[in-house]
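Residues take their numbers from the sequence shown, with the count starting at 1.
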Amino acid sequence: MRNLNTSEKTNKNSNQKKKKSAKKKISKKTLIFSSIISMEVLKSTIYFFLAIFFLGGSLALGVVLGYFANLVESTEIPSGDEIVRAINDIELVSHVNYSNGEQIAELRSDLIRTRVSKENVSPLIKQALIATEDEYFNKHEGIVPKALIRAMVSDITGFGGKSGGSTITQQLVKQQLLTDEVSFHRKANEVLLALRVEKFQTKEEILTAYLNVSPFGRNNKGQNIAGVEEAARGIFGKPSNEVNLPQAAFIAGLPQSPIIYSPYTNTGELKEDLSDGLTRKDAVLSNMYREKYIDEKTYEEAKNYDLKADFLPREEINQPDNGYLYYYVETQAIEALMAKHYQKDQLEKEKVFSQDILYEKYYQMAERDLRRNGYTVETTIDKNIYQAMNNAVMNNAGWLEDWSGDPIQIGSILMENQTGRILGFVGGRDYATNQNNHAFQTKRSPGSTMKPIVAYAPAIDKGLIGSESQLADFKRKYGSENTNLSNYGGTSSESFISVRNAIKDSGNITVVNLYEKLLESANPAEYFNKMNIDISASVTHPSLPLGTTDLSVYQQINAYQTLANKGAYLEGYVISKITDSNGEVVYEHKANPVQVFQPATASIMADLMREVLVNGTGTTAKSSLYNYGAALGNADWVGKTGTSEEDKDFWFTASTPGVTLSTWIGKSYGKQMPQSFGQNNMRVWAAIAGAAYQISPDIFQTAQRFELDPSVNIAKVSSITGTKMGPAYINGIQYYTPGKEVNSYFVPGSGPIDPTLRFGIGGTDAQYQNYWNKNTKVEKKEDKKKPSSNRNQNDVDEEDEEDTEDEEDTEGEAGEE
């Protein structure tokens, strides 16, 4: 029993072992199978993800390519010739012409540059530039994809800093073919055009173009420079093919930040701190060593080189001979081109020109247009007239010398009345010694030339006076400071004089009396606003007609042109048209006449100002004109003299029916001059007129005369009172208006008043009473008040006891004056 049990046990163990062995075999097979299955699943998974990756990548690539295609869809692909021409076009030079089309000058760029050929650039500069700006320049075909991707990722994620990504070719495209706009659209076009450039230009040509167009900071004159040749000459005083290694490295480092790395300020002075540029130079040398253009020893020697000693000292800029004309026309052309920019932004000229920030913004935009776009600027300046006017000043310089050592300056403009065209001007004696344009920039006290335009013309226009109205000419005090008021030389007639004689003799007292009366019912600033002259700050000052606000010759002549043109203001201008390189008009002056004064007013003023030259303060000018031809002397000249306080400024402005000529002389710092220089100024004025007349007599219209406008109201008045003739009842006494009957000119709707005690403007009742007593005789005693038909709001009824007392008080005050 025990043996059987043992045998059974043995068999049982054997069977168990067999089962275990079988299980192990099954497990091993299962494991192998599972492994195979797992591997297949993994492979399938990998294949799946690879498929997804490639499909996604293809999709992404498709999206990118599609987006790129969309970005450049509207881009006009230039031809090979256009590409070559564009990248080598440094800038199109603009020209300024006289009115006959003859060139005045080329408009200089704000960037001083000299083109250089590829043979004349030092290999050191080229190596330094490639090592620093584009290490793969000689290998790529316009772009470096990995650099672009790196730059794009950096831009999108904000990580990685400013990684760049632009090759030299791309930078050239951006400068010459595109704008500075920061957008994917511009970048896409940059890539497309860079690839295009590489097809039509060799690497050497691309590099040379880049070296010619790129900005390189400032030179030792403070001028902005572009191009490697100007950099070498303007910083180190040598051509670009003669620089040494440290100099080449310094130049090659400039384009990244030209102004920061430049050794010079905008005045040409060396910067106190040169570390930025010198540090940049060392970085360039390091790049050259890394790219194996130089060995370690050369690198160390160049790094330790004293480059500061090579920087040129400051140098003055040589000014052009025709400086006054060149710079004035340049500024006017830029201001004309500003319009297209601020109008695009829906802004008005008045707002732009009144705010410095806006003005500077649009000025810079227009200036860039003018510098680069090859414009032709046509001016109104007649070359021969301009030269004749300036020669006349030079030939008569003796009249402008007072031997004090302080030069007397001059400003003069000749303007066409019916158009506002400026035919010629004199900006000063010598541009090399004084760059201030005294015709357009200098503002000085206009003296008595202010009287007709701020007082007499507005008063006539408002119907306040006629040509023979009477103005008080008695010494008096005026203004808040109670200033003594007298005529030039401290005189007065102590009487009443007509408007005609007041203008002829340039009285101060008379015009202040008139202006004070005018301010009671009118605002003269409204007239000046229409002529683009701002006098609002001083318009209420009674001394304004005496010239206590400053005007330029340009402002004054435009006001007198208005009177000579039947009261219609036409803005004086010098730019007639600007065309682009294709002949398309980008700007053209358009006349915008503004009726400032009634035609009747303008014609009355011409009649009055004629007396100034015939037998008034302007007779020296009239007589001097005969030296240049009888026709010129006999022309119908109307105008006005002007002398500022303490004889610091002398003016003369006069018109014929064709033109107006204004001249000012004075010292740069407003110093006093001898009184005789008022006469000298008129002699110079006549010399300028004569010189212009010899060149172009027709513009003066010497055969024409200023005629009274048909609308003028011609009325008969007393030469003594300026009122109607007839009896006047004063203090119960009848007086007969004295004097002879003369014509007085008024604007429509106005006319002379009836005879009355206060027949004029200014003065006290006592002064009027004395005037009546001296110039009239008593006709009869009246026991009753004068007839109502003869009453006037200015009359004084002396039958009223209270009125009599008032008159006596007034006479007492007059005695004190």
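- Applying the ring pair (Phe, Tyr, Trp, His ring centres under 6.0 Å) test to every pair with at least one member in residues 498-553, sequence neighbours left out, gives these pairs: Tyr527-Phe597.
- A donor-acceptor contact shorter than 3.5 Å links the side chain of Asn396 to the backbone of Ala392.
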- Can you list the steps and then say if Glu645 with Ser445 is a side-chain hydrogen bond (donor to acceptor under 3.5 Å, both in side chains)? CA-CA 8 Å; Glu645 190 176 9; Ser445 166; over 6 Å; no
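- Taking the charged nitrogens against the carboxylate oxygens, Glu416 and Arg421 do have a contact shorter than 4.0 Å, which makes a salt bridge.
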- Task: Check the pair Thr723 / Thr721 against side-chain hydrogen bond (donor to acceptor under 3.5 Å, both in side chains), numbers first and verdict last.
- Result: CA-CA 5 Å; Thr723 66; Thr721 65; 2.7 Å; yes
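- Checked against a 6.0 Å centroid threshold, the rings of Phe650 and Phe677 do not count as neighbours.
- For the pair Lys774 and Tyr771, the cation-pi test (distance below 6.0 Å, angle within 45°) is failed.
- The structure places CD of Gln555 at 9.0 Å from CG of Asp534, a figure rounded to the nearest 0.5 Å.
- Between the side chains of Lys640 and Ser506, at least one donor-acceptor pair of N or O atoms lies under 3.5 Å.
- Asn523 places a side-chain N or O within 3.5 Å of a backbone atom of Ala525 that can act as its donor or acceptor partner.
- Gln767 places a side-chain N or O within 3.5 Å of a backbone atom of Thr764 that can act as its donor or acceptor partner.
- Taking the six-membered ring for Trp, Tyr628 and Tyr693 have ring centres at least 6.0 Å apart.
- The structure places CG of Leu546 at 12.5 Å from OG1 of Thr549, a figure rounded to the nearest 0.5 Å.
- A distance-only check finds no donor-acceptor pair linking the side chain of Thr776 to the backbone of Thr737 [under 3.5 Å].
- By the 4.5 Å heavy-atom criterion applied to side chains, Tyr456 and Thr510 are counted as neighbours.
- With salt bridges taken as basic N to acidic carboxylate O contacts below 4.0 Å, one links Lys517 and Glu520.
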- Query: Is there a ring pair (Phe, Tyr, Trp, His ring centres under 6.0 Å) between Tyr554 and Phe425 once you walk through the steps?
  - Reply: CA-CA 10 Å; Tyr554 170 73; Phe425 68 89; over 10 Å; no
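- Looking at Trp651 and Asn681, their side chains never bring a donor and an acceptor atom within 3.5 Å of each other.
- Applying the salt bridge (charged side-chain N to carboxylate O under 4.0 Å, His left out) rule to pairs touching residues 706-723 yields nothing, sequence neighbours excluded.
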- Message: Checking Asn634 against Thr702 for the side chain to side chain contact (heavy atoms under 4.5 Å, CB included) test, could you report, in this order, the C-alpha distance in whole Å, the side-chain angles of both residues, the deciding distance, and whether it holds?
- Response: CA-CA 8 Å; Asn634 290 327; Thr702 56; over 6 Å; no
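- Atoms CG and NZ, on Asp402 and Lys671 in that order, are 10.0 Å from each other to the nearest 0.5 Å.
- At a threshold of 4.5 Å between non-hydrogen side-chain atoms, the residues Gln598 and Ser711 do not count as touching.
- Within the structure, salt bridge (charged side-chain N to carboxylate O under 4.0 Å, His left out) pairs that include any residue of residues 450-469 comprise Glu468-Arg500 (at least two apart or interchain).
- Among all heavy-atom pairs drawn from Pro752 and Val717, the shortest one is CB-CG1, 3.5 Å.
- In this structure the side chain of Pro458 never reaches within 4.5 angstrom of the side chain of Ile453, judged on heavy atoms.
- The shortest heavy-atom contact between Lys530 and Tyr569 is O-CD2, 3.4 Å.
- Ser467 contributes a side-chain N or O that, together with a main-chain N or O of Tyr745, makes up a donor-acceptor pair within less than 3.5 Å.
- Looking only at distances, a side-chain donor or acceptor of Ser354 sits under 3.5 Å from a matching main-chain atom of Glu350.
- Other residues, nucleotides and ligands place no more than 12 heavy atoms under 6.0 Å from the NZ atom of Lys566.
- Judged by distance alone, the side chain of Thr656 and the main-chain N or O of Gln701 form no donor-acceptor pair under 3.5 Å.
- No donor-acceptor pair under 3.5 Å is formed between the side chain of Asn558 and the backbone N or O of Glu571.
- Across Lys475 and Ser492, no two heavy atoms sit closer than the pair CG-OG, 3.4 Å.
- The two residues Leu514 and Ile761 have their closest heavy-atom pair at CD1-CD1, 3.8 Å.
- For the pair Ser603 and Val712, the tightest heavy-atom approach, listed with the atom from each and the gap, is OG-CG2, 3.5 Å.
- Annotation for Gln355: atom CD counts as buried by contact number, over 12 foreign heavy atoms lying within 6.0 Å.
- In this structure the side chain of Ile410 reaches within 4.5 angstrom of the side chain of Ile688, judged on heavy atoms.
- Two residues are said to be in side-chain contact when any heavy atoms from C-beta on lie closer than 4.5 Å; Arg610 and Arg705 meet this criterion.
- Side-chain contact between Ile535 and Met450 is present, with heavy atoms from C-beta onward closer than 4.5 Å.
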- Query: Is there a side chain to side chain contact (heavy atoms under 4.5 Å, CB included) between Tyr478 and Ser543 once you walk through the steps?
  - Reply: CA-CA 9 Å; Tyr478 78 111; Ser543 60; 3.6 Å; yes
- Mind running side chain to side chain contact (heavy atoms under 4.5 Å, CB included) on Thr643 and Asp649 for me, showing each step along the way? CA-CA 6 Å; Thr643 304; Asp649 306 275; over 6 Å; no
- Report the C-alpha distance between Arg444 and Asp550 in whole Å, list the side-chain angles of each, state the deciding distance to 0.1 Å, and finish with yes or no for salt bridge (charged side-chain N to carboxylate O under 4.0 Å, His left out). CA-CA 5 Å; Arg444 299 292 280 270; Asp550 293 341; over 6 Å; no
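- Here the closest heavy-atom approach between residue Leu613 and residue Trp637 is recorded as CD2-CB, 3.5 Å.
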- CA sep, side-chain torsions, deciding dist, call: Arg476, Asn484, side-chain hydrogen bond (donor to acceptor under 3.5 Å, both in side chains): CA-CA 6 Å; Arg476 49 163 288 200; Asn484 290 322; over 6 Å; no
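- Atom NZ of Lys667 has more than 12 heavy atoms from other residues, nucleotides or ligands within 6.0 Å.
- For the atom pair Thr620 OG1 and Arg683 CZ, the distance stands at 5.5 Å (nearest 0.5 Å).
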- Item | Verdict with reasoning, Thr660 to Gln561, per side-chain hydrogen bond (donor to acceptor under 3.5 Å, both in side chains) | CA-CA 6 Å; Thr660 299; Gln561 166 273 328; over 6 Å; no
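- Using cut-offs of 30° and 60° on the angle between ring planes, the pair Tyr735 and Trp772 is tilted.
- For Thr483 (side chain) and Gly479 (main-chain N/O), no donor-acceptor pair under 3.5 Å exists by modelled atom type.
- Contact of the Phe496 side chain with the Asp473 side chain is not registered, since no non-hydrogen atoms from C-beta on lie closer than 4.5 Å.
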- Task: Quick one: do Asn713 and Val747 satisfy side chain to side chain contact (heavy atoms under 4.5 Å, CB included)? Show the steps, please.
- Result: CA-CA 6 Å; Asn713 176 23; Val747 294; over 6 Å; no
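- For the pair Leu518 and Pro524, the minimum side-chain heavy-atom distance is below 4.5 Å.
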